[in-house]
Every structure is written in structure tokens, then in C-alpha cells.
Amino acid sequence: MVLPARTALQHSGQCKAAYRQLTRVWQLRSFSSSRSTAPYLSEEVSSSTAVPLPLCQRAAEHVQLVSDLLGWKQRVLSEIKAVSDAFESADGGPTAPELQRGVTWVLDDVVEAFREHQQQQWLPCTWQQLDTEVRTAQRRSRDLSQWQVRLRAPVQQLEQLWKLRLQDRVPFQYLIHTAHWRDLILSVGPGILVPRPETELMIDLAATAIAANSDLAAAPWADLGTGSGAIAVGLAKLLLQQSGLNAVGKQHAGDNGPPHRQPQVTLPKVLAVDLSPTAVAYAAANAERCGVRNTVEVLQGSWFEPLQQQKGFLGGILSNPPYIPRVQMEGLQAEVGRHEPWNALDGGPQAGLDSLQVNKLSACC
């Protein structure tokens, strides 16, 4: 949802009362209907320093035989073949090809380098490169028994995590604490809604609005219900690009002469709001790791409440609030219904528009 910051709606006592009532109902439901995530990965965190690194950004500290990794891959693919399309038939969950793609994505993130024997230097590689080397060696009947691979997680951990994937239907993004969104690598985990590809379009909508009115880039923007911080971080990068600045507020070389002659500039600002302390921690960590901590300010609170002093001064508001009607919640596929936070999904008892109404009223009252 994209809301214009300066909406031509009347400020009335009735509007404010309705906003307060809806906000109170939503706050109560946020705590009462939120389902705790299982403790198999990491507990929900409340500090940005406790947010785990995405698997692809961890140090590759685990040396194992390539045959061990290939054995794990073969076992998992056999298990997926046995599952077939049972998940899709049960609740619209992933098909066998989709589960297989998840295995490939994990391999992409976990592999860092390989060598053919201990005396050889490590050769940096991707999983695709390693797979090509292995297939070529097998065609030539070469001995692979001494080949080693350097991994960001041990094979034993991959075994445990993939059991959770197939037996408990845990989202694989939780297993590797990773979500790839636009050009960003974000950390996600229990208590955080995995950012969907469809929301990537919201940054494009903001870019279109700024192209039509360049003054919007100089005003602060808000992301309500920020979750992982994906929209806030993507928006921050857009605003910095539109302003010709880097993440520390300096203009790009060649923009306005030598650095000592450049005028003082103000960084764009994105205010990322969420009621969940877990979401606040993840959003802050992702802003830090994506290099926009000076642009994204993460605030804890319900929707527009932390932004009362910003009313009338925002360039725009982005939000992807809960929109699933409550009657449909029990029918969600297991990856979503069992594991992702219900307070980020449950849109209310009617048409799933409760939080949309809160945002609409908060923008004008």
C-alpha cells in the first residue's frame, strides 16, 4: 500500500476516535493471536546484535569431503522424491521442483571453495562451479575421494535443518536466515515475515512518484509495519540514489567539484515502524548490514503512533500490512501458518482490511 503524505481528508473528532479504537483492537490482537515460533532454530531476538547473519555472509570455517556434501544432496533429493507433491495437495504448499530449487539455493549459499587434495590451494567457487568440476571429473573417471570443500555450515547441520524443512515444513529462508529481495540480502528468522517478491514493486512505485515530483526525495518517508526492514532499506537506497548521495551523506565523485567545496547536505530519512521488538531488531540489523543505518531510523510502536510529529512533513508512506481475512488463516500452507507471525498476516475478521483502515485513518487524523 502506498499512501500520499498530504491527503485532503478532514481532521475530525470522529476520525480520531475511530483511529484510536482500531489501533487499540489491533494492538490487542497483535499479542493475543501471534503464534510463538518453535525453538528449533534461534529464539525470537530483541536486539539487533543478536540477529543471525545470513548463511551466505558467514565465514567458511568448515572443511569436509566433497563426497559428504554430495551424499547429503542425494539423500535430500531422494526424500523430496518420496514426498512428491504431497505438500501441494495438502495445503497448496511447495511442489517437488520447488523443494529441489530450495536445495540448490542452500548449496549456493553454503559453498565457498574447494580443492582436490590437502596440499592444493583453495579455489574459490560457487556451487554451480563445483558441480561442473565434479561432473567433469566423474566423466573422466577421476578419483574424488580426497576432494575437499569449504563450507559456511557443516553437512551435519544441513542434515538437521533439512529434516525440519521436510518434517515440520519450516520455511527454508528461516533455516538459512536469508531472504534475497531485489538486490538485497536480508536476515530473517522466527517472528519475521519472509519478504515476498511482490513487495519489490513498492520501491518501483515510490520511484515513479519521485520521478513525478522530485521534492519528495528530500522529505522523510515512512515504512509502517516494517518487519525485516526490506521496504525501508530498499526505499533508503532509492532516496540516496535520487539525491546523488552515498550512505554517509557525501555526494558521488564528480557531482559538484572537489569534496572540500561541496555544500553540506542532509541525508534522506526513512522512518521504519513496527510494534514487534523482534521486527525492530531485524530491521535495524538489516539496515546496518546493507549500509543504510544513517538513513533508516527504526522505531517501535503501532503504525503511525511514533510519527505524530512527522504528520504533514512526510514525502510518502509505504506499507505492506496484514491483509488475509481471519477466516482464511487456518487454511494457509504450513510454511506460513505454522511458522510465520500471525500478527503480520491476520487482516481481521471481515475482508482483511483492519490494518489498512488504521493506516488510512492515521495518515489523515
Side-chain angles (χ1 to χ4, degrees), residues 40-43 45 47-77 79-80 99-138 142-166 170-190 192 194-195 228 230 233 281-282 285-291 293:
Y40 34 65
L41 302 171
S42 60
E43 298 291 339
V45 302
S47 168
S48 61
T49 58
V51 172
L53 276 172
L55 176 59
C56 62
Q57 295 178 348
R58 299 176 198 169
E61 301 174 334
H62 309 279
V63 176
Q64 296 195 246
L65 293 174
V66 167
S67 58
D68 290 341
L69 183 64
L70 296 177
W72 169 79
K73 173 176 175 272
Q74 188 58 49
R75 287 191 297 275
V76 171
L77 293 180
E79 292 169 358
I80 291 174
L99 290 170
Q100 291 167 358
R101 281 200 297 273
V103 175
T104 301
W105 289 337
V106 171
L107 288 166
D108 285 340
D109 284 358
V110 78
V111 169
E112 189 263 349
F114 87 103
R115 61 187 180 187
E116 298 184 14
H117 50 80
Q118 287 187 345
Q119 288 70 40
Q120 186 183 40
Q121 293 288 329
W122 287 104
L123 302 173
C125 69
T126 64
W127 160 247
Q128 286 85 356
Q129 291 169 333
L130 175 59
D131 189 43
T132 298
E133 291 287 342
V134 167
R135 291 174 184 273
T136 300
Q138 289 173 334
R142 294 180 58 193
D143 180 15
L144 302 179
S145 62
Q146 300 301 312
W147 283 33
Q148 293 181 323
V149 61
R150 196 160 63 191
L151 304 172
R152 297 183 176 92
V155 170
Q156 294 83 350
Q157 183 179 346
L158 298 182
E159 293 269 15
Q160 296 168 356
L161 295 181
W162 210 258
K163 284 183 180 179
L164 295 171
R165 179 73 187 102
L166 295 180
V170 179
F172 86 91
Q173 293 94 336
Y174 280 8
L175 298 176
I176 60 176
H177 290 289
T178 306
H180 295 271
W181 192 85
R182 290 183 71 92
D183 59 342
L184 304 175
I185 299 174
L186 303 169
S187 181
V188 294
I192 297 298
V194 177
S228 65
V233 172
Y282 271 87
N286 283 325
E288 169 84 24
R289 293 168 185 170
C290 292
R293 66 171 183 172

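For reference, positions follow the sequence shown, starting with 1.
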Student: Please name all residues satisfying ring-ring contact (aromatic ring centres under 6.0 Å, His included) with Trp147, sequence neighbours left out, ordered by chain then number.
Tutor: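 Checked Trp147 against ring-ring contact (aromatic ring centres under 6.0 Å, His included); matches are Phe114.
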Student: Are any non-hydrogen side-chain atoms of Gln157 and His62 less than 4.5 angstrom apart?
Tutor: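 Result no, sub-4.5 Å side-chain heavy-atom pair not found.
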Student: Could you pull out the closest heavy-atom pair between Gly189 and Tyr282, with the gap in Å?
Tutor: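 That closest heavy-atom pairing would be CA-OH, 3.5 Å.
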Student: Roughly how far, to the nearest 0.5 Å, is CG of Asp108 from SG of Cys56?
Tutor: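 Going from the SG atom of Cys56 to the CG atom of Asp108 covers 10.0 Å.
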Student: Which heavy atom in Ala60 sits nearest to a heavy atom in Glu112, and how many Å separate them?
Tutor: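 Closest approach of Ala60 to Glu112, heavy atoms only: CB-CB, 3.5 Å.
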Student: For the CD atom of Glu79 and the CD atom of Gln74, what is their distance to the nearest 0.5 Å?
Tutor: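 Answer rounded to 0.5 Å: 10.5 Å.
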Student: Taking C-beta and beyond as the side chain, do Asn286 and Trp181 meet within less than 4.5 Å on heavy atoms?
Tutor: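 Answer no - side chains too far apart.
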Student: Got a donor-acceptor contact below 3.5 angstrom from the His177 side chain to the Val188 backbone?
Tutor: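 Yes.
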Student: Kindly compute the distance separating CG (Leu130) from CZ (Arg135), expressed to the nearest 0.5 Å.
Tutor: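 One finds 10.5 Å between CG of Leu130 and CZ of Arg135.
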Student: Please check if the number of heavy atoms outside Gln146 that lie under 6.0 Å from its CD is greater than 12.
Tutor: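 Atom CD in Gln146 is not crowded, with 12 or fewer foreign heavy atoms closer than 6.0 Å.
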Student: Walk me through whether Ser187 and Arg289 qualify under side chain to side chain contact (heavy atoms under 4.5 Å, CB included).
Tutor: CA-CA 9 Å; Ser187 181; Arg289 293 168 185 170; 3.6 Å; yes
Student: Within the structure provided, determine whether Leu99 and Leu166 are in side-chain contact (heavy-atom separation under 4.5 Å).
Tutor: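 Yes; the side chains approach each other to less than 4.5 Å.
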Student: Got Val66 and Gln148 here, is their nearest side-chain heavy-atom distance under 4.5 Å?
Tutor: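 No, side chains not in contact.
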Student: Which atoms form the tightest heavy-atom contact between Ala281 and Val51, and what is the distance?
Tutor: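 Distance-wise, the nearest heavy atoms are O-CG2, 3.6 Å.
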Student: Where is the tightest heavy-atom contact between Val45 and Ala50, given as atom of each residue plus distance?
Tutor: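 For Val45 and Ala50, the tightest heavy-atom pair comes out as CG1-O, 3.7 Å.
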Student: Report the C-alpha distance between Ile176 and Trp105 in whole Å, list the side-chain angles of each, state the deciding distance to 0.1 Å, and finish with yes or no for side chain to side chain contact (heavy atoms under 4.5 Å, CB included).
Tutor: CA-CA 10 Å; Ile176 60 176; Trp105 289 337; 5.6 Å; no
Student: If we only count heavy atoms from C-beta on, is the Leu144 to Ser67 side-chain gap below 4.5 Å?
Tutor: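 No, their side chains stay 4.5 Å or more apart.
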Student: Hey, could you give me the CD/NZ distance between Glu159 and Lys163, rounded to the nearest 0.5 Å?
Tutor: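 One gets 6.5 Å once the value is rounded to the nearest 0.5 Å.
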Student: Taking side chain as C-beta onward, heavy atoms only, is Leu164 less than 4.5 Å from Tyr174?
Tutor: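 When only atoms from C-beta onward are counted, Tyr174 and Leu164 do not touch, as no gap falls below 4.5 Å.
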Student: So which heavy atom on Ala153 is nearest to which on Leu158, and how close?
Tutor: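 Smallest interatomic distance, heavy atoms only, reads CB-CD2, 4.5 Å.
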Student: How many angstroms lie between atom CD1 of Ile192 and atom CG of Leu186, to the nearest 0.5 angstrom?
Tutor: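 Atom-to-atom, Ile192:CD1 and Leu186:CG are 10.5 Å apart.
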Student: Measure from the side-chain N and O atoms of Arg150 to the backbone N and O of Ala113, and report whether any donor-acceptor pair falls under 3.5 Å.
Tutor: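 No: the side chain of Arg150 does not pair with the backbone of Ala113.
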Student: Check whether any side-chain heavy atom of Leu151 sits under 4.5 Å from a side-chain heavy atom of Val111, and report yes or no.
Tutor: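 Contact flag for Leu151/Val111 side chains = yes.
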Student: If you measure from CH2 on Trp72 to CD on Gln64, what distance do you get to the nearest 0.5 Å?
Tutor: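 If I round to the nearest 0.5 Å, the distance is 11.5 Å.
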Student: With side chain to side chain contact (heavy atoms under 4.5 Å, CB included) as the criterion, how do Trp122 and Val63 come out once you've worked through the C-alpha distance, each side chain's angles and the decisive distance to 0.1 Å?
Tutor: CA-CA 11 Å; Trp122 287 104; Val63 176; 3.8 Å; yes
Student: Going by heavy atoms in the side chains, are Leu107 and Leu69 under 4.5 Å from each other?
Tutor: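 SC-SC contact between Leu107 and Leu69 confirmed.
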Student: Can you check whether Glu116's main-chain N or O pairs, donor with acceptor, with Gln120's side chain at less than 3.5 Å?
Tutor: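 Present.
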